[in-house]
Amino acid sequence: MDTLVLASWPARLKGNDARQSRAAAARIASSEIEATINNKLGLVENLAEAVNQLYSGATVTDPGVYVELLKWSGRERNLDEGKRVHSHIMQTGYEGDRMVMNLVVEMYGKCGDVEQAGNVFDSIQDPNVFSWTIIIAAYAQNGHCMESLRLLSRMNQAGVKPDGYTFTTVLGACTAVGALEEAKILHAATISSTGLDRDAAVGTALINLYGKCGALEEAFGVFVQIDNKDIVSWSSMIAAFAQSGQAKSAIQLLMLMDLEGVRPNNVTFVNVLEAVTSLKAFQYGKEIHARIVQAGYSDDVCLTSALVKMYCNWGWVETARSIFENSRERDVVSWSSMIAGYSQNESPARALSLFREMEVDGVQPNSVTFVSAIDACAGVGALRRGTQLHERVRCLGLDKDVPVATALVNLYGKCGRLEEAEAVFLGMKKKNLLTWTSIAMAYAQNGHGSRSLKLLHGMELQGMKPDGIVFVAILVSCNYAGQMSKGLYYYKLMTQDFGIAPAVEHCGCMVDILGRAGKLEAAEQLINTMKFESSLAWMMLLTACKAHNDTARAARAAEKIFQLEPKNATPYVLLSSVFCAAGSWEAAEETRRRMDGRGVQRLLGRSSIEIGDRVHEFVAASDVLPHHLVGEIFAALEKLGREMQGAGYVPDATAVRLRDVEEGGKENAVPYHSEMLALGLGIVSTPAGTPLRITKNLRMCSDCHIATKFVSKLVHRRISVRDGRRHHHFENGVCSCGDYW
Ligand code: ZN
Ligand code: ZN
């Protein structure tokens with residue numbers, strides 16, 4: 001026999017899971033090798049020896065050796081080794097052993113070679129219910145659901161009756177593929193098969209499959225029919241509701257379950273938390289949290305992740321952090337949830353530092369973690385860190401993962417690196433809608449709207465029908481380029497030629513386009529003709545009213561947003577600045593009081609700048625600036641201020657009064673907005689002439705905008721600022737946005 005390849009067995013076993021291989025070794029109790037197994041050497045080495053003996057021509061009297069080796073090959077999807085075991089079997093005369101041959105079929109199925117699985121199955125004489133189940137599963141697991149259904153009827157014709165295990169196996173395989181038609185055929189087959197649909201295991205498998213396909217009515221129909229619903233059936237039905245966005249039904253089912261006296265387990269709680277999270281059902285969420293603690297599941301790592309996710313989704317990041325800190329066990333999922341939580345809650349710098357902590361802790365990030373970390377880099381404009389992460393995902397082979405690659409396109413777009421964004425985009429074999437949006441947004445935000453339009457034609461050439469999302473990007477391009485007539489043209493093209501109904505984003509974009517051109521009346525009319533209420537569109541109108549000093553319309557727009565989004569601070573801030581600009585200090589003050597009276601929290605202004613390997617973040621309204629260079633920064637900014645005034649800069653009184661309103665926090669805590677502090681740090685800590693790149697979460701105020709234009713000229717540097725709205729490229733006293741943003 002070929003002994004050369006055998007040397008590779010033990011190393012691979014060692015590399016994978018020592019515990020698993022030890023168990024495997026323990027069960028290879030073929031009499032020839034039992035003696036070796038029993039001696040006191042390490043078990044993994046013994047397995048190696050066992051395998052060596054097996055292949056060096058020893059006779060096999062116990063098929064257990066084959067069982068373990070076939071299972072191992074299937075689990076590891078190692079077709080080469082599996083084939084070798086198969087050929088050994090053929091030579092030692094075990095090909096007549098049905099149990100061994102069943103496992104050969106299973107091994108080929110797991111390794112993805114369905115054809116070979118089929119051939120071996122056909123060679124089995126008198127296949128039993130297991131043989132049939134295994135071959136049916138092999139086809140189903142490899143995406144040949146229809147073929148597996150044909151086999152099911154062949155099985156019936158052959159007079160072998162499928163049992164519950166056959167159905168759960170096939171249903172499980174179909175669930176992985178999410179095949180609804182097959183689900184219905186299988187459902188009918190289970191009913192004709194002596195009411196197996198009422199069996200808890202089969203019924204639950206059906207619920208899972210229907211749930212995956214979003215066929216909730218069918219799933220619930222099956223659930224009701226099940227005779228002895230166990231905890232798994234309940235949990236599966238709750239999961240089906242939660243994952244299909246029917247959060248209320250999921251929660252109601254838990255209440256029903258309580259009434260029936262069935263005690264929820266950790267899986268049930270995970271599913272309910274998913275529902276509670278999306279509903280933002282705060283009170284109920286806290287109750288569930290308390291029940292989890294009561295039931296003694298505080299240390300369950302899945303539940304920790306779900307709780308962290310829930311609180312982060314609600315914006316309660318500190319609560320999430322304390323749960324995370326107090327959890328005894330942490331895995332890549334709980335770390336990822338916490339990192340994603342920071343990334344999504346305006347704390348990208350904390351997301352990145354937690355990412356570093358996780359690695360120090362020895363936990364390997366997965367693609368989900370990388371997406372959050374890359375998003376965080378995009379959030380703070382940490383191009384260097386982001387590029388390092390790109391390199392790492394490339395090494396791990398994760399750069400072809402659609403969400404990861406999409407995050408990279410977004411990162412490069414947000415950092416103003418169009419070439420890199422485009423390279424990642426073009427290198428992707430599969431793309432989703434988010435990918436298309438990210439690249440189109442990258443073009444649009446960086447002022448290359450025409451490339452966005454080319455994208456539309458490119459898609460058409462590829463035979464892809466542009467959808468609403470692509471038109472969002474196109475309209476954004478027209479908007480940033482200030483091309484009203486082009487915007488109107490594409491809006492008409494979309495709604496009339498392509499028959500796409502305008503969504504919130506299109507409406508918001510068109511309002512912005514019209515508003516920028518001063519067509520406030522038309523913009524307001526457009527919003528009023530929409531079939532939906534959109535706070536985004538009203539926000540765009542409010543912004544336009546600010547630019548064109550239309551106080552009456554601004555007040556109307558703001559009232560709409562107050563109703564639609566009572567907790568959003570932005571409309572209050574915008575409205576009070578409209579009043580300020582019109583000199584109505586009284587009305588501005590009144591707006592502020594209303595905001596505080598309703599308990600609306602202002603968003604804090606945050607700016608960051610990457611210098612070398614470090615990201616420095618400045619937050620508005622902190623009494624003490626977290627920076628050792630603070631003296632130097634202030635000195636530099638004061639000196640620049642004097643030079644600016646010499647060059648003709650006049651501080652805008654309105655802007656000064658607005659400073660506190662716009663960025664929240666204590667009055668006069670720090671006399672500069674956060675982006676100016678970041679700019680100051682950049683100037684004092686990099687060599688003259690180095691371009692500076694700053695990222696800010698909120699829209700830049702007009703005073704900082706004017707000041708930055710002056711600074712770019714005085715210090716002879718290119719300064720780019722990405723604010724909450726767009727990119728500004730300042731050079732020699734001019735900004736690329738043309739002073740409209
Ligand atoms: Zn400012
Ligand atoms: Zn600008």
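Worth knowing before you read on, the calculation uses all heavy atoms, side chains too, and leaves out hydrogens, waters and symmetry mates. Order of appearance sets the numbers: ligands from 1, and atoms from 1 within every ligand.
- Protein N, O or S atom count below 2.8 Å of the Zn ion (ligand 2): the structure gives 4.
- In this structure a side-chain-to-backbone donor-acceptor pair under 3.5 Å is missing from Arg606 to Glu617.
- Counting only residues at least two apart or on different chains, no salt bridge (charged side-chain N to carboxylate O under 4.0 Å, His left out) pair has a member in residues 468-481.
- The shortest side-chain heavy-atom distance between Thr686 and Arg717 falls under the 4.5 Å cut-off.
- In terms of modelled atom types and a separation under 3.5 Å, the side chain of Asn345 and the main chain of Ser347 share no donor-acceptor contact.
- Shortest distance from the Zn ion (ligand 1) to His673 is reached at ND1 (N/O/S atoms only).
- Under the 3.5 Å distance criterion, the side-chain polar atoms of Asp375 are left unmatched by any main-chain donor or acceptor of Asn410.
- Thr591 contributes no side-chain N or O that, together with a main-chain N or O of Ser576, makes up a donor-acceptor pair within less than 3.5 Å.
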